[in-house]
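A short write-up of the structure that comes next.
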Amino acid sequence: MDNIPDWFMYFIMFWAFVMLGFMAIGGYFMFRKFLKVLPMRDGKSKLDWQNYWVERSRGMWPEDSKDFLDQLVAPVPGAFRDIARHSIAAKIAQVAVESGSSEVLRNHCIEGYIRATPKRDYRSLVSFLDKQGIDYTPYKHLLNK
């Protein structure tokens with residue numbers, strides 16, 4: 001042990017802490033995913049409800065609404081884009097079905113996008129909508145909750 005330089009031992013300790021940090025971060029995200037799969041009071045999980053709304057609205061999406069959804073999820077990093085598209089599409093579908101509409105319209109997309117976005121991301125949501133020139137004034141009350 002006396003032959004091992006001190007800097008090498010510090011190097012090993014540094015990487016041990018880095019690995020523990022990465023494991024803690026990964027565990028946090030895995031735990032969040034696990035919570036989404038747990039059933040709620042009604043017996044369905046959050047993911048079950050997302051799948052339900054997506055399936056329920058399968059034939060209600062015209063091409064322009066699909067393209068608009070792709071435009072809305074464009075700022076999401078590529079690795080998470082499919083998951084974000086699914087959860088946002090589920091919220092948009094819920095808004096469209098509950099409004100009694102026969103197809104998903106642009107205003108449903110904007111309202112569902114705002115409702116699906118967590119509060120912590122409202123600042124980036126508003127800047128993205130402003131940058132894209134999307135009028136969200138009828139839904140500003142949703143941002144103030």
Side-chain angles (χ1 to χ4, degrees), residues 1-98 104-145:
M1 282 304 256
D2 289 333
N3 296 349
I4 299 173
D6 285 342
W7 66 267
F8 186 72
M9 292 303 288
Y10 292 128
F11 180 75
I12 296 294
M13 287 175 46
F14 168 77
W15 280 111
F17 284 116
V18 168
M19 292 302 291
L20 280 173
F22 283 149
M23 287 173 49
I25 292 168
Y28 168 74
F29 284 107
M30 288 178 67
F31 185 69
R32 282 184 55 201
K33 186 70 169 179
F34 171 73
L35 289 177
K36 279 187 166 186
V37 179
L38 288 178
M40 295 187 290
R41 289 183 183 173
D42 59 6
K44 287 187 172 186
S45 70
K46 194 172 187 177
L47 290 176
D48 290 337
W49 277 112
Q50 285 180 359
N51 291 334
Y52 169 78
W53 288 115
V54 168
E55 287 301 318
R56 175 112 186 252
S57 69
R58 181 85 50 203
M60 296 173 58
W61 287 83
E63 279 304 312
D64 60 326
S65 292
K66 289 179 187 176
D67 294 340
F68 189 57
L69 175 63
D70 289 338
Q71 179 186 354
L72 292 174
V73 297
V76 177
F80 308 108
R81 196 167 294 147
D82 288 338
I83 296 167
R85 179 181 291 118
H86 187 266
S87 62
I88 292 170
K91 188 55 81 172
I92 292 170
Q94 181 181 0
V95 167
V97 169
E98 288 178 349
V104 176
L105 304 172
R106 188 177 179 97
N107 62 336
H108 297 135
C109 291
I110 296 169
E111 182 179 351
Y113 181 61
I114 292 171
R115 289 183 185 273
T117 303
K119 284 184 180 183
R120 68 179 180 271
D121 296 335
Y122 279 174
R123 183 177 296 140
S124 60
L125 167 106
V126 168
S127 69
F128 173 73
L129 292 174
D130 287 338
K131 190 186 315 178
Q132 295 294 319
I134 298 170
D135 180 27
Y136 61 94
T137 51
Y139 309 105
K140 275 193 173 182
H141 67 280
L142 297 174
L143 297 170
N144 296 329
K145 287 187 177 181

Determine the minimum heavy-atom distance between [X] and [Y], stating which atoms define it.
X      : Y      : answer
Leu129 : Leu72  : CD2-CD2, 4.3 Å
Tyr122 : Leu142 : OH-O, 3.7 Å
Gly112 : Val95  : CA-CG2, 4.1 Å
Leu69  : Ala89  : CD2-CB, 3.8 Å

Are Ser57 and Trp53 close enough that a side-chain donor and a side-chain acceptor fall under 3.5 Å?
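No, because no side-chain N or O of Ser57 sits under 3.5 Å from a partner of the opposite role on Trp53.
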Go through the side-chain N and O atoms of Asp130 and Ser127 and say whether any donor and acceptor fall under 3.5 Å apart.
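No, no side-chain donor-acceptor pair sits under 3.5 Å.
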For the residue pair Tyr139 and His141, categorise the inter-ring angle as parallel (less than 30°), tilted (30 to 60°) or perpendicular (more than 60°).
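Taking His141 first and then Tyr139, their aromatic rings sit tilted (interplane angle of 30° to 60°).
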Gap separating the [atom1] atom of [X] from the [atom2] atom of [Y], nearest 0.5 angstrom:
X      : Y      : atom1 : atom2 : result
His86  : Asn51  : NE2   : CG    : 4.5 Å
Gln71  : Cys109 : CD    : SG    : 10.0 Å
Lys66  : Glu63  : NZ    : CD    : 4.5 Å
His108 : Arg115 : NE2   : CZ    : 11.0 Å
Ile114 : Leu143 : CD1   : CG    : 5.0 Å
Met40  : Lys44  : CE    : NZ    : 9.5 Å

Can you tell if the side chain of Lys33 reaches within under 4.5 Å of the side chain of Phe29, non-hydrogen atoms only?
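No, side chains not in contact.
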What residue pairs, at least two apart or across chains, pass salt bridge (Lys or Arg N to Asp or Glu O under 4.0 Å) with a residue in residues 67-94?
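Sorted pair list: Asp70-Arg85, Asp82-Arg85.
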Sequence neighbours left out, what passes side-chain hydrogen bond (donor to acceptor under 3.5 Å, both in side chains) with Asp64? Give chain and number order.
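For Asp64 there are no side-chain hydrogen bond (donor to acceptor under 3.5 Å, both in side chains) partners, ignoring immediate neighbours.
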Are Trp49 and Tyr52 an aromatic pair by the rule of ring centers under 6.0 Å?
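Yes, ring centres under 6.0 Å apart.
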